[in-house]
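Letters A, B, ... are given to chains in the order of the sequence lines, protein chains preceding strands, and every chain is numbered from 1. As a basis for the values below, the full set of heavy atoms in this structure was taken, side chains included, without hydrogen atoms, waters or symmetry mates.
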Amino acid sequence: MSKGDPILDSLNAQQYEAVTAPELPLLIVAGAGSGKTRVITRRIAYLIRDCGYFPWQIFAATFTNKAAGEMKRRVCQLLPHVPEHDLNIATFHSLCARILRRDITVLGYPLSFTIADERDQLSAIKHVMRELGISDKEIKPSYAQDVINQCKIRMLEPSDVGQVVQSRYEEQLAAIYEAYTKYLHGSSALDFEDLILMTVKLFTEHPEVLERYQARYRHVMVDEFQDINESQFTLVRLLTAGHHRLTVVGDEDQTIYSWRGADIRHILDFDKYYPERLLVHLEQNYRSTGNILQAASCVISNNTERFNKRLFTDAPQGAPVLLVEAETERDEALAVAELIREIQMRLRLPASEIAVFYRTAALSRTYEEKLRELRLPYRVLGGVRFYDRAEVKDLLAYLQVAFNPHNTLSLLRIVNTPKRGLGDKTIEKLLRRARERDTSLFAVMEEASQGGIVSPSATTALRELVEHIHTWNKLASTLLPSELFERIRNDIDYDASLGDPNQMEVRSRIENLDELHRSIVAYEGETYEPSLQGYLENVSLYSPTDELRDGEEAVTLMTLHTAKGLEFRCVFIVGCNDGLLPHGRSVEEGRLEEERRLFYVGMTRAREILILTYCGHRVYYGEPRYDFPSPFLNELPAKGVLRVDASRTNWARLVHALGQSCFAAEGEEFELSKTKEEERENVRSTVRPAVSRKVPAELVEGRPGRTDLLGKRVRHPLIGEGIVVETGGTGKDRYYIVEADDGSRTKFMARFAKFEVCDS
DNA sequence: TCTGATTCTGCTTAT
DNA sequence: CAGAATCAGA
């Protein structure tokens, strides 16, 4: 190890081994906070500097653009003479898009294909279902979407599926899949899964193309390998088939995308695919305090689908993990906001070092409200997405059409926006004609604009639109994307079509469009060779973490999923309630362990302060409902966790105390217990979150120990006191009929019932 | 063909 | 509660 070497210095023994390992298939099992990014970036730099690789010969796949950007930046820091655009570090989807942009024509797609996001996908599915005469009562479009995506992940094409259908239902699904595929092809569009699938197809059906890429990509790296799905893994195996030069980094405890096809087996059984593989474990955690790591390890030790890893740290114990119980959701949010204020003030943590994580995006609202009330700056990652707003989608659709007029999906969106008298009837007629002649909607529109096919007024409108599209399509290759954007916006008078600009609503929409324009300009500024195609691709593959800019002074709110790969000095995980954090749907589908991993991912993002919160009841669907604490909270160790009741806590004093324990650092090594049994011993089994005393378990349907309320006297905020005179139904349909003292009867659904049993 | 109003239905998670 | 689908009426 030479002194002053930025690539090989200041690595621990395991990290050094991983960075400099020989070029056999290498599996790096990297626990949370163990310097994974550091290792992978240095290995890339090491291969380039010391092993004779050109930067572009390394194919490095990540799962988010943010991670890719960060990795590129750090590699370039290590190798100042390497320009960023020489590196092939990107998400699987972008890397595949790049390959397809070169070579997709052999699969019968034009190079100018467009990328359909999941909303486009859903509307395409609805569209073909309508054509097939399948109502969305019979098959939910979102279900069909799920099935189609699952098929694509497993690389099953419509023809494969068509042969194995067993029921009328499956037959219909197969028919939708087939029609959808045709429809997409007709629009020259690829959905997200197609990006991977088509690349796999390209490689398997055209070995000469594969050989070219195998020769180019001499080494393949995969970050977050635990989240790889079958088609992605197939792609990796194809690319490395000849040489097996492959480095993968992952942590099976952080698999959180199995619903998207991620399969934990790929990492657990890596040696089955690559028997000669080398294995390096990174087990020292450099991120979190002892208490945080201890708590997280304790929780994750309850999982069975994992290697038996033991993470350790040299860091001091630090402050205890805080577990806050609140009465209602709003109390919970208020507690969080007040804690944030105190932490900023008393512990001098900058807002950018504080994050709030939740399981579902819908939860952010209450927290936003309270943060606003206390005037604490915040930002929400991936909330109502900017790119999902109607006006933004409209203009983007125009750009899509300018880029590729045969993109029917986008064309349908804009054909009558702004209104130009091309109603449903006309469009249906044109679509039918397009289907009959097996051409695109745009081709039929061109034809119809000559007259004789649709009504005279529609013909005029069509002619004008078609001419515009021709013009924009020509301009697309000469103007900058931002110039084309303004041109289109003017040509169609879009701003004026929104209505009176004095209205707040309209003004904010116009501002959004200005913002969109700025984002295009920004793209042009930071891109090597800006193009309309490149910009549209950026937008399609955009992810919530891309919004994260360093140094912005605001508390960050995001879902647990988007939190992966990030770290903050202070982390809140809110809504730690049963049904929400192990999410009910996930548990139903048998993914409890994945929910636990999600919780673990959240916990291990925290460096110094970790605060978990839950509440006694919250509002669902506008109705209040009792909520139980998350079962994961019972898996926390007794030591190093402080439980407090929000209604009786002086936050200022508590935070002050936290600060004391934070900075009372002792240098002694903190190692976690080695076995699951030892870890379990740390868990006091009698620990029950205090809220259970407030929630009468018998009132919640489906809970063990529920007693029948028939004949009991109850109190309800709406009707006052009354007697349960009748009960019936099962599961979530269970109801109680309560006769109030004035003789009136009211029916309550058990799952929403918010009454208390009266004594006596 | 367009509009506003009303009913209906459904909250994971995201490249 | 909120977005989507549907419907009445101009």
Novice: To the nearest angstrom, how far is A:Y358 atom OH from B:dA14 atom C1'?
Specialist: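 After rounding, the reported distance stands at 14 Å.
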Novice: List, with names and distances, any nitrogen or oxygen atoms from the protein found under 3.5 Å away from nitrogen or oxygen atoms belonging to nucleotides 3-10 of chain C.
Specialist:
from	atom 1	to	atom 2	distance (Å)
C:dA5	OP1	A:K126	NZ	2.9

Novice: Rounded to the nearest Å, what distance is computed from the NE2 atom of residue A:H583 to the C1' atom of nucleotide B:dT13?
Specialist: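 These atoms are roughly 8 Å apart.
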Novice: Find the distance A:F192:CZ to B:dT13:P and express it as a whole number of Å.
Specialist: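 Computing the A:F192:CZ to B:dT13:P distance gives 16 Å.
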Novice: Base, sugar-phosphate or nothing for A:F92? Non-hydrogen atoms, less than 4.0 Å.
Specialist: nothing
Novice: Hey, could you give me each pair passing salt bridge (Lys or Arg N to Asp or Glu O under 4.0 Å) that has a residue in residues 121-133 of chain A? Not counting sequence neighbours.
Specialist: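 Sorted result for residues 121-133 of chain A: A:E131-A:R435.
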Novice: Using whole Å, report how far CD1 of A:I115 lies from C1' of B:dA14.
Specialist: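 So the two atoms are 15 Å apart, to the nearest Å.
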Novice: Base, sugar-phosphate, or nothing: which does A:N416 touch, judged by heavy atoms less than 4.0 Å apart?
Specialist: sugar-phosphate
Novice: Using whole Å, what does the distance between atom C1' of nucleotide B:dA14 and atom CD of A:E224 come to?
Specialist: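 Atom CD in A:E224 sits about 14 Å away from atom C1' in B:dA14.
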Novice: Tell me whether A:D251 is salt-bridged to A:R306, with the criterion being a basic N under 4.0 Å from an acidic carboxylate O.
Specialist: no
Novice: Looking only at the side chain of A:T426 (C-beta and beyond, no hydrogens), which of the listed nucleotides B:dC11, B:dA14, B:dT1 gets closest?
Specialist: B:dT1
Novice: Between P on B:dT15 and CG on A:D227, what's the gap in Å once rounded to a whole number?
Specialist: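 To the nearest whole Å, that distance equals 12 Å.
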Novice: Return yes when atom CD of A:E589 has more than 12 non-hydrogen atoms of other residues, nucleotides or ligands closer than 6.0 Å, and no otherwise.
Specialist: yes
Novice: Please confirm whether the ring centroid of A:H561 lies under 6.0 Å from the ring centroid of A:Y257.
Specialist: yes
Novice: Distance-only, no hydrogens or angles: does the A:N407 side chain make a donor-acceptor pair with backbone N or O of A:S410 under 3.5 Å?
Specialist: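 Present.
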Novice: Report the C-alpha separation of A:F225 and A:F233 in whole Å, then their side-chain angles, then the decisive distance to 0.1 Å, and conclude whether the ring-ring contact (aromatic ring centres under 6.0 Å, His included) test is met.
Specialist: CA-CA 9 Å; A:F225 187 73; A:F233 193 33; 5.5 Å; yes
Novice: Would you call A:W259 stacked on B:dT13, i.e. ring centres under 5.5 Å apart with the planes less than 30° off parallel?
Specialist: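 Ring-base stacking flag set for A:W259 and B:dT13.
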Novice: Distance between the C1' atoms of C:dT6 and B:dC11, in whole angstroms?
Specialist: 23 Å
Novice: Looking only at side-chain atoms of A:T559, point me to the closest of B:dA14, B:dG10, C:dA2.
Specialist: B:dA14
Novice: Output the rounded distance in Å from NZ (A:K419) to P (B:dC2).
Specialist: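 In whole Å, B:dC2 P and A:K419 NZ are 6 Å from each other.
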Novice: A:R365 near the nucleic acid: base, sugar-phosphate alone, or nothing, with a heavy-atom cut-off under 4.0 Å?
Specialist: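 Answer is sugar-phosphate: A:R365 comes under 4.0 Å of backbone atoms only.
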Novice: Take A:Y109 and A:H185, measure what ring-ring contact (aromatic ring centres under 6.0 Å, His included) needs, and give me the verdict at the end.
Specialist: CA-CA 7 Å; A:Y109 270 85; A:H185 188 257; 4.5 Å; yes
Novice: Considering heavy-atom distances to DNA chain B, does A:S540 or A:L422 have its closest nucleotide positioned more toward the 5' end?
Specialist: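 Whichever sits nearer the 5' end wins; that is A:L422.
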Novice: Among B:dC11, B:dG10, B:dT15, which nucleotide has an atom closest to any side-chain atom of A:R585?
Specialist: B:dC11
Novice: Answer with base, sugar-phosphate or nothing: what part of the nucleic acid does A:E588 contact at a heavy-atom distance below 4.0 Å?
Specialist: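 Nothing: the residue A:E588, judged by heavy atoms under 4.0 Å, touches no strand.
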Novice: Take atom CD of A:E594 and atom P of B:dA14, then tell me their distance rounded to the nearest Å.
Specialist: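 Checked: the CD to P distance equals 12 Å.
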Novice: Under a 3.5 Å cutoff, is there a donor and acceptor pairing between the side chains of A:E368 and A:Y378?
Specialist: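 A:E368 vs A:Y378: donor-acceptor pair found between side chains.
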Novice: Hey, does A:F63 reach any base, or is it just sugar-phosphate, or nothing, if we go heavy atoms under 4.0 Å?
Specialist: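 It contacts sugar-phosphate atoms only.
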